[in-house]
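A quick write-up on the structure given underneath.
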Amino acid sequence: MRYFKNIIVVILGIWLVGCETSVDASDLLDQQQLIVINGFLSPQDSTLKVQVSKSKSKARGQTNNTNEDFVIKDATVVIADEEENEVTLLYTNSSLSYEAQGIDLPILPGKKYFLTAMVQGKEYKSSCIIPLDQIERIEQDIRVETRDGAVGNRILKLSIGDIKDKSNYYVVGAEATYSFEGDTSGGTTINLDFEFNQFLTDMNRENSVVTADGGFFLPDSAIITKVKIKVTNTEEVLYNALRAEFINNYNDENPFTESVIAPTNIEGENGFGVFTGYQLTEKEILFR
């Protein structure tokens, strides 16, 4: 099942860019069309965003539709905190999302938030708790990678200080910027490929250092000017949902694999998706 098409696990900042949900698990094909609601909250975000859309079944041959074809634009979406402060999110066509300014309802570490959405006459609800802590220590090392025999391959080795005395779920990503001598355009930025390494957990090894390697290609004569690293401490449901999305995309062309069904915490008739929290830590390294 696909929930966040084009959601970059470099992690978004966490950006909600896609809203199409493909339902290809055999045990769900006979159900009615799902109402898909996805919302991610972080103290580091300046804008609150929630997407509301209809699911797409691969079995129905809907291959020529765009993301916008599945968006539901007339829902009522409200987020509230434990003190019953609330904000109504308004639909914004540029992001295909319902949005509100973060200052209208501050998102605070350790606090619980509630989602209510009225969609096509039906009510959907969910809640989340924002992780209390951010990652405080990130160390990195860029090395030449020669195993594939291609000149220019690089590997970014990350070491992340684990948040102590609790089980944690991390998703990591990074982007590198490079330029050539005399280039005044600001350079070219590429996402690093962490593959399955982008999903990290300290289960069974709390208070340790967790590591991840991300690869990228540096053209001949190019010079790295900047690397930006992003590490999120997420709720478990978000970690599992993003991991399922990655695995399904990774195995998309393999007829011998079964889809991983991502979790949902959306309550309501034929509701699916996740409403969840995360904490984002960013580190930027300048090389000149």
Side-chain angles (χ1 to χ4, degrees), residues 1-18 20 22 40 42 67 135 137-162 168-180 183 185-202 209-234 238-254 256-257 259-260 262 278-287:
M1 213 174 267
R2 297 225 167 124
Y3 296 105
F4 325 103
K5 185 175 181 183
N6 298 330
I7 199 174
I8 166 44
V9 169
V10 78
I11 192 167
L12 1 190
I14 292 185
W15 299 297
L16 239 58
V17 224
E20 173 185 332
S22 300
F40 310 138
S42 168
N67 284 340
I135 287 290
R137 183 169 63 85
I138 302 173
E139 297 179 357
Q140 73 290 323
D141 183 28
I142 297 178
R143 303 178 184 179
V144 176
E145 177 58 67
T146 58
R147 285 180 299 178
D148 295 331
V151 176
N153 285 349
R154 298 290 189 275
I155 196 84
L156 173 68
K157 303 185 77 67
L158 292 182
S159 296
I160 300 164
D162 186 32
N168 301 291
Y169 299 88
Y170 308 120
V171 185
V172 306
E175 57 186 29
T177 301
Y178 65 84
S179 63
F180 299 92
D183 183 5
S185 66
T188 300
T189 298
I190 54 175
N191 290 327
L192 276 64
D193 186 4
F194 285 86
E195 294 190 340
F196 291 97
N197 288 324
Q198 64 194 287
F199 302 103
L200 305 171
T201 179
D202 61 357
V209 173
V210 292
T211 61
D213 294 348
F216 64 104
F217 177 78
L218 191 66
D220 190 33
S221 302
I223 303 169
I224 300 175
T225 58
K226 180 173 63 175
V227 171
K228 190 172 187 178
I229 301 166
K230 299 181 181 183
V231 181
T232 56
N233 176 25
T234 75
L238 177 55
Y239 174 93
N240 288 331
L242 291 173
R243 188 173 182 274
E245 169 72 359
F246 176 83
I247 292 173
N248 288 337
N249 282 338
Y250 188 87
N251 293 324
D252 190 45
E253 303 299 326
N254 189 341
F256 302 105
T257 60
S259 296
V260 177
Y278 69 98
Q279 286 259 30
L280 172 67
T281 300
E282 296 182 292
K283 180 178 181 180
E284 187 173 271
I285 304 101
L286 301 177
F287 288 86

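The basis for the numbers below is simple: all heavy atoms, side chains too, and nothing from hydrogens, waters or symmetry mates.
Atoms NZ and CG, on Lys157 and Asp141 in that order, are 8.0 Å from each other to the nearest 0.5 Å. In this structure, CD1 in Ile160 is found 5.5 Å from CG in Leu200, a value given to the nearest 0.5 Å. Atom NZ of Lys230 and atom CG of Asn191 lie 8.5 Å apart (nearest 0.5 Å). Here the CD1 atom belonging to Ile285 is positioned 11.0 Å from the NZ atom belonging to Lys226, to the nearest 0.5 angstrom. Here the CD1-CG distance, from Ile190 to Leu218, works out to 7.0 Å after rounding to the nearest 0.5 Å. From Ile138, atom CD1 reaches atom CD of Glu282 across 9.5 Å, with rounding to the nearest 0.5 Å.
Counted by atom type alone, Asn168 and Asp202 present one or more donor-acceptor pairs between their side chains at under 3.5 Å.
Remark: Tyr169 engages Tyr239 in a ring-ring contact (aromatic ring centres under 6.0 Å, His included) (not counting sequence neighbours). Qualifying salt bridge (charged side-chain N to carboxylate O under 4.0 Å, His left out) partners for Asp193, counting only residues two or more places apart in sequence or in other chains: none.
In this structure the side chain of Ile223 never reaches within 4.5 angstrom of the side chain of Phe287, judged on heavy atoms. Between Phe216 and Ile142 the shortest side-chain heavy-atom distance falls below 4.5 Å. Inter-residue side-chain proximity for Ile247 and Thr257 is flagged as unmet; no heavy-atom pair is nearer than 4.5 Å. The shortest side-chain heavy-atom distance between Val231 and Lys283 does not fall under the 4.5 Å cut-off.
Among all heavy-atom pairs drawn from Ala176 and Leu192, the shortest one is N-CD1, 3.6 Å. Of all non-hydrogen atoms in Phe194 and Ala174, the two that sit nearest each other are CE1-N, 3.6 Å. The two residues Ala241 and Ala262 have their closest heavy-atom pair at CA-CB, 4.2 Å. Heavy atoms only, all atoms of each residue included: Phe180 and Asp220 are closest at CE2-O, 3.4 Å. The two atoms that bring Leu242 and Phe199 nearest to each other are O-CZ, 3.6 Å, heavy atoms only. Nearest approach of Ile135 to Gly161, heavy atoms of both residues: CD1-O, 3.4 Å.
Here the two rings, on Phe196 and Tyr250, have centers that are under 6.0 Å apart.
Using modelled atom types, no side-chain atom of Thr232 and backbone atom of Tyr278 make a donor-acceptor pair closer than 3.5 Å. At least one donor-acceptor pair closer than 3.5 Å links the side chain of Thr225 to the backbone N or O of Thr177. For the pair Asn248 (side chain) and Val260 (backbone), a donor-acceptor distance under 3.5 Å is present.
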Where do Gln140 and Val227 land on the side chain to side chain contact (heavy atoms under 4.5 Å, CB included) test, with the steps shown first? CA-CA 10 Å; Gln140 73 290 323; Val227 171; over 6 Å; no
